[in-house]
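Step one of this worksheet: look at the structure below.
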2 protein chains.
Amino acid sequence: MTPPAPPQRRSAESVRDTPTRILDAAELLFVDRGYAATSVRAIAERAGVNLGAAHYHFGSKQALFGAVVERCFAPIQEQRNRALDALLAQSSQPSVREIVEAFLVPLSASPAAEAPRLIARLFGEPTSISQPLIEAQFGPSFERFTEAFQRALPELEPTEIRWRFHFAIGAMVHTLATAGPISAPSVSRHDAIDRLTAFATAGFITPPDTPRAQEKIT
Amino acid sequence: MTPPAPPQRRSAESVRDTPTRILDAAELLFVDRGYAATSVRAIAERAGVNLGAAHYHFGSKQALFGAVVERCFAPIQEQRNRALDALLAQSSQPSVREIVEAFLVPLSASPAAEAPRLIARLFGEPTSISQPLIEAQFGPSFERFTEAFQRALPELEPTEIRWRFHFAIGAMVHTLATAGPISAPSVSRHDAIDRLTAFATAGFITPPDTPRAQEKIT
DNA sequence: GTCTATATTGGGATAGAC
DNA sequence: GTCTATCCCAATATAGAC
């Protein structure tokens, strides 16, 4: 689909090419309202292009959504995989916290500011729309991280590992989706990721059967 | 709004009254597809009633959604508050795990099987729709639990308490939303809540500043 | 209280001009 | 490659018959 790196001049306020403008507008609206509540008309309007152009370039609303998701996911997944590669290269057995960080930090370093919130939206869409995209974009990296967690926590059953990863992803998605609707006043994304890293790491490394063991601290 | 407990005969397959049938159908479809992707037409069709009846009884799609949410939330919030009351009555200082359980267990004991998934859906909707409903149904109980956590973990700053509660809610919502899209094979809800309780408790009680302290277990 | 019919709006998609 | 105009359908909501 994506042509081999179009010229993409980046002068500050230059007019980007039409597909990019459509993608930008679509990303913003999909993040804001979700898939079903966003119309292609509204996207075209915000992008300053004609409705017909959107269908010409992307074919359908669903395909446009897929393109937006892919553009957001790709760099984050790449960073995650690179971070995990680096970890495995420097140590045969990285700590749980290091693996968690490799998974979460790319979110706060993402170039597209709206990317994390789009991820959160994606998980909220009906499975008919989200499932294939999640599998395609997220699946491979998910398996790699699951293996890494398993090696770091050999005393946990594979099922338990997957559940805990599932919980961590849930906390992540919810945190990205809402800058704190019920929670604290909005803080920097970096701060939130730091706190989440500590929370998720603690959840991962807690003993499986006797969760009352470390009840009281200090 | 709700009339004073209508007769509601409950013979196994008896025809429930029209508003109830509409609510049932709406709950099922909202859970399945989300708010925006669900039409009042589809709801009326599935309920076996006419389109006009839905608008007569509930006024608008948004009001119908609100009614569905309230019907699902009310019993769970009641159970949560009762569980917290019981805890505070029997001990001046319940443990973190007990508070987490008081918050989570009502989800697996909910009468309406679809209620938890509706909660998850609600959090995924655009804030213009979800925010008022979340505040109204969820807010008061949220404050009570936040206070309880704060008393159980006096060494944590209030901001940190709210973040950790936020993470726990995220893990909960994500778990309820998906019976494991990426995660393990679908297990009983009770089992999932048990595992989540252990995970969230560990996240809550981890020391704030030195998260590497308890890195390796066993 | 429930249904029929309809008003009105907005959506996705396409054909064809430029 | 982009825009205009339009088709067709589905949506919310309402007015009025029964």
Side-chain angles (χ1 to χ4, degrees), chain A residues 1-9 14-30 32-69 121 125-126 128-130 133, chain B residues 1-9 14-30 32-69 125-126 128-129 133:
Chain A
M1 287 300 163
T2 37
Q8 174 91 358
R9 50 196 172 301
S14 84
V15 181
R16 302 172 304 274
D17 62 336
T18 300
T20 301
R21 289 171 62 185
I22 294 170
L23 282 174
D24 289 343
E27 179 177 307
L28 199 140
L29 290 177
F30 282 139
D32 208 50
R33 311 176 190 176
Y35 177 80
T38 301
S39 68
V40 180
R41 298 183 110 89
I43 292 169
E45 199 172 334
R46 174 168 271 271
V49 306
N50 188 272
L51 173 62
H55 279 95
Y56 171 79
H57 286 288
F58 296 96
S60 73
K61 181 182 176 181
Q62 212 166 13
L64 172 56
F65 185 63
V68 170
V69 167
R121 271 270 174 259
E125 298 298 338
S128 57
I129 293 163
S130 63
L133 291 172
Chain B
M1 288 300 161
T2 37
Q8 176 90 358
R9 51 197 171 301
S14 83
V15 180
R16 300 172 305 273
D17 62 334
T18 301
T20 302
R21 290 170 62 186
I22 294 171
L23 282 174
D24 289 344
E27 178 177 310
L28 199 140
L29 290 177
F30 281 138
D32 209 50
R33 312 175 189 177
Y35 177 80
T38 301
S39 67
V40 180
R41 297 182 109 86
I43 292 169
E45 198 171 336
R46 174 166 272 271
V49 306
N50 189 272
L51 173 61
H55 279 95
Y56 170 79
H57 286 288
F58 296 97
S60 73
K61 180 182 175 181
Q62 211 165 14
L64 172 56
F65 185 63
V68 171
V69 168
E125 298 298 338
S128 57
I129 293 163
L133 291 171

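We name chains A, B, ... by the order of the sequence lines, and we start the count at 1 in each one. In this text, all values refer to a predicted model and were calculated from it rather than measured experimentally.
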Partner residues of Ser128(A) under the side chain to side chain contact (heavy atoms under 4.5 Å, CB included) criterion, sequence neighbours left out: Pro126(A)

Interatomic distance, Leu133(B) atom CG to Ile129(B) atom CD1 [nearest 0.5 angstrom]: 9.0 Å

Any residue of residues 58-65 of chain A with a heavy atom less than 4.0 Å from an atom of DNA chain C: Ser60(A), Lys61(A)

For residues 50-67 of chain B, which side-chain N or O atoms pair as donor and acceptor with protein atoms under 3.5 Å away, sequence neighbours left out?
residue	atom	partner	partner atom	Å
Asn50(B)	OD1	Gly52(B)	N	2.8
Ser60(B)	OG	Ala63(B)	N	3.2
Lys61(B)	NZ	Tyr35(B)	O	3.1
Lys61(B)	NZ	Thr38(B)	O	2.7

Euclidean distance, atom CG of residue Leu29(B) to atom P of dA11(D) [Å, nearest integer]: 12 Å

Nearest-0.5 Å distance that lies between atom CG in Leu29(B) and atom CG in Asp24(B): 11.0 Å

Smallest separation among heavy atoms of Arg33(A) and Arg121(A), with atom names: C-NE, 3.9 Å

Heavy-atom contact window of chain A on DNA chain C, given 5' to 3' at under 4.0 Å: dG11(C) to dT14(C)

Whichever of Ala37(B) and Tyr56(B) has its nearest DNA chain D nucleotide further upstream toward 5': Ala37(B)

Arg46(B) side, atom CZ; Arg21(B) side, atom CZ - distance, nearest 0.5 Å: 12.5 Å

Ser39(B) side chain near dA11(D) phosphate (N/O to OP1/OP2, under 4.0 Å): yes

Polar atoms only, N or O, under 3.5 Å: list the protein pairs with nucleotides 4-6 of chain D and their distances.
residue	atom	partner	partner atom	Å
dT4(D)	OP2	Asn50(A)	ND2	3.1

dT14(D) OP1/OP2 closer than 4.0 Å to side-chain N/O of His55(B): no

